[in-house]
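Beneath this line is the structure, given in structure tokens, with notes to follow.
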Amino acid sequence: MSATRVGGEAAEIARAEAQAVLALVADERRRGRLADLVAAVDDGEVDGDDADALAELLELGLQTGRLRAQYGPEGEQAALGLYRRLPLGRELARSASELNDALAALAGRTLDRITVTAVGPGEYGVTISTDDYEIVLRLGRAGARLATIGA
């Protein structure tokens, strides 16, 4: 897997967020992981565990609104752009693309029923049914994914 380049405003945000968390964390293992992340950002690229740690950090800041509050809309967009280039962000895009491919099978069909169920905390199932087809999607913290597809 290739490294992800980190530069400009996104690098400044990544460094600042990692250093902010590093200042609060007491666990030595976690501190080491964050220190490694800061060093990788300073080197201009992340991969492997550093890329995963950065994705988790950005994900938290994006989900909570912290990045927008701290760095404004432009900073939030810079962080989001970086997140999308990281392996976890690319995986979310791939998952969404697979869902769109599955949903394309419904084109031109008459929808009979759409239901949403709570599967668990932060996890939902969406069932879309036609007279001869059914797709079940899962939506949650891990992203959107296809659960079942069939006739």
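Not measured: the values here are computed from a predicted model.
- The shortest non-hydrogen separation linking Tyr71 to Ala16 is OH-CB, 3.5 Å.
- Under the 4.5 Å side-chain heavy-atom criterion for grouping Ile, Leu, Val, Met, Phe, Trp and Tyr, Leu24 is not connected to Ile13 through any hydrophobic cluster.
- Gln19 is linked by a side chain to side chain donor-acceptor pair (under 3.5 Å) to nothing, counting only residues two or more places apart in sequence or in another chain.
- Remark: of the listed residues Asp36, Val46, Asp50, Val46 is the sole one forming a side chain to side chain contact (heavy atoms under 4.5 Å, CB included) with Val41.
- Residues Ser129 and Glu134 approach most closely at OG-OE1, 3.0 Å, considering heavy atoms.
- Counting only residues at least two apart or on different chains, the side-chain hydrogen bond (donor to acceptor under 3.5 Å, both in side chains) pairs with a member in residues 98-111 are Arg94-Glu98, Arg109-Asp132.
- The backbone N or O of Leu22 lies less than 3.5 Å from a partner atom in the side chain of Arg31, making a donor-acceptor pair.
- Cluster membership for Val38 and Leu34, using ILVMFWY side-chain heavy atoms within less than 4.5 angstrom, is not shared.
- Val119 and Ile128 are assigned to two separate hydrophobic clusters, defined by single-linkage of ILVMFWY side chains at heavy-atom distances under 4.5 Å.
- Annotation: side chain of Leu58 is in contact with side chain of Leu86 (closest heavy-atom distance under 4.5 Å).
- For the residue pair Ala51 and Pro87, the shortest heavy atom distance occurs at CB-CD, 3.9 Å.
- When all heavy atoms are compared, the tightest approach of Asp112 to Thr130 is OD2-C, 2.9 Å.
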Dump the intermediate steps for side chain to side chain contact (heavy atoms under 4.5 Å, CB included) on Glu17 and Leu67, then the final yes or no.
CA-CA 9 Å; Glu17 289 300 296; Leu67 296 182; 3.7 Å; yes
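- Although no hydrogens or angles enter the test, the distance criterion places no donor-acceptor pair under 3.5 Å between the side chain of Arg68 and the main chain of Pro73.
- Separating the CG atom in Leu80 from the CD atom in Glu59 is a distance of 11.5 Å, to the nearest 0.5 Å.
- Cluster membership check: Leu62 shares its hydrophobic cluster with Val21, using side-chain heavy-atom separations under 4.5 Å among Ile, Leu, Val, Met, Phe, Trp and Tyr.
- In this structure, Arg84 contributes its side chain and Ala93 its backbone to no donor-acceptor pair below 3.5 Å.
- No more than 12 heavy-atom neighbours from other residues, nucleotides or ligands sit within 6.0 angstrom of CG on Asp49.
- For Arg145 and Glu123, the salt-bridge test passes: some basic side-chain N is under 4.0 Å from an acidic carboxylate O.
- Screening Leu88, Leu37, Thr4 against Leu54 for a side chain to side chain contact (heavy atoms under 4.5 Å, CB included) leaves a single residue, Leu37.
- The CD1 atom of Ile149 lies 4.0 Å from the CD1 atom of Ile135; values are rounded to the nearest 0.5 Å.
- When all heavy atoms are compared, the tightest approach of Gly75 to Glu9 is CA-OE2, 3.3 Å.
- Here the closest non-hydrogen pair linking Ala105 and Tyr133 is CB-OH, 3.4 Å.
- In this structure, Leu137 CG and Thr127 OG1 are separated by 8.0 Å, a value rounded to the nearest 0.5 Å.
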Checking Glu12 against Arg15 for the side chain to side chain contact (heavy atoms under 4.5 Å, CB included) test, could you report, in this order, the C-alpha distance in whole Å, the side-chain angles of both residues, the deciding distance, and whether it holds?
CA-CA 5 Å; Glu12 293 173 23; Arg15 182 181 309 103; 4.3 Å; yes
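- Within the model, atoms CD of Gln77 and OH of Tyr83 stand 14.5 Å from one another, a figure rounded to the nearest 0.5 Å.
- In this structure, Leu111 is a member of the same hydrophobic cluster as Leu103, with clusters built from ILVMFWY side-chain heavy atoms closer than 4.5 Å.
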